[in-house]
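Encoded as structure tokens, the structure appears first; notes follow it.
We count ligands from 1, going down the list as the structure has it; atoms in each ligand are counted the same way.
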Amino acid sequence: MKNLVLIAPPAAGKGTLSNLLSKEYNIPHISTGDLLRKRANVDDEFGIELLCLLQTGELVNDDIVLDLLKTRLSDSDCKNGYILDGYPRNLNQANQLNDILNEINLSIDYVIYLDINKEIAKERMLGRITCPKCGAIYNRNDSSKLPKIDGVCDECDSKLNVRTDDSIQAFERRFEEFINLTLPVVDFYKNTGKLVKVDGTMDTDKILIEFSNMLKGDL
Ligand code: AMP
């Protein structure tokens, strides 16, 4: 019961919630954004191309993302569950995900939809600082989400930075893509009975407690 998919608009807190769920259930957190950023850091022609594309906030080609995701989901640590963050982002990806899960004998138990409005998401995005090494997320505009030492990751001591796609322009594009392409995916999962809609403005610790309580009832 711990095969989880997390869908949310940009900067809604899906990375933070995924990190908590990953620790709570001891399942890997698979973020397609992280997989793509990692690939973009490889110093070759494709890496440079990908880096430029990610800065614009545009979605990456479905087959490229699928390829990276399939490799990661096939790792043995996904056998007892996983939390998928940032995928699927359109209906084609939702169908491609069903196909690869069938192929590697995995399934989806719940799809968590973090619902949050654009203004709050934008505010969160403007304060966000992240760890490029371990993916930990902090927020300069929220005293409860500041790192212990300014600019340094609590988890791995790396230097924190601002994501290159955390600009107003890229945010507008990413939010528009969410409305046009990803919201239909929410409806897709509503029809499968696997969708759990969560108020994304709630504190992430509270979301985790509510979700865990719901999961207990199902175990
Ligand atoms: P995220 O870390 O989820 O906010 O994703 C950062 C960026 O990576 C997005 O703005 C897209 O450019 C790209 N990306 C992440 N996941 C996907 C996906 N499933 N399909 C296409 N592009 C993606």
From CA spacing to verdict: side-chain contact (heavy atoms from CB on, under 4.5 Å), T56, D165: CA-CA 6 Å; T56 66; D165 58 346; over 6 Å; no
Tabulate below the donor-acceptor pairs under 3.5 Å that side-chain atoms of residues 5-18 make, not counting sequence neighbours, or state none.
unit_1	atom_1	unit_2	atom_2	d
K14	NZ	D85	OD1	3.3
S18	OG	K14	O	2.6

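Partners of D187 according to the salt bridge (Lys or Arg N to Asp or Glu O under 4.0 Å) rule, which considers only residues two or more places apart in sequence or in another chain, are K190.
Under the 4.5 angstrom side-chain criterion for Ile, Leu, Val, Met, Phe, Trp and Tyr, I137 has no cluster partners at all.
A salt bridge between K206 and D203 is absent, with no side-chain N of the basic residue lying under 4.0 Å from a carboxylate O of the acidic one.
R89 CZ to E177 CD: the interatomic distance, rounded to the nearest 0.5 Å, is 8.0 Å.
Protein residues lining ligand 1, listed by chain and number: K14, T32, G33, L36, R37, L54, G57, E58, L59, V60, V65, G86, Y87, R89, Q93, R163, D165, R174 [non-hydrogen atoms, distance under 4.0 Å].
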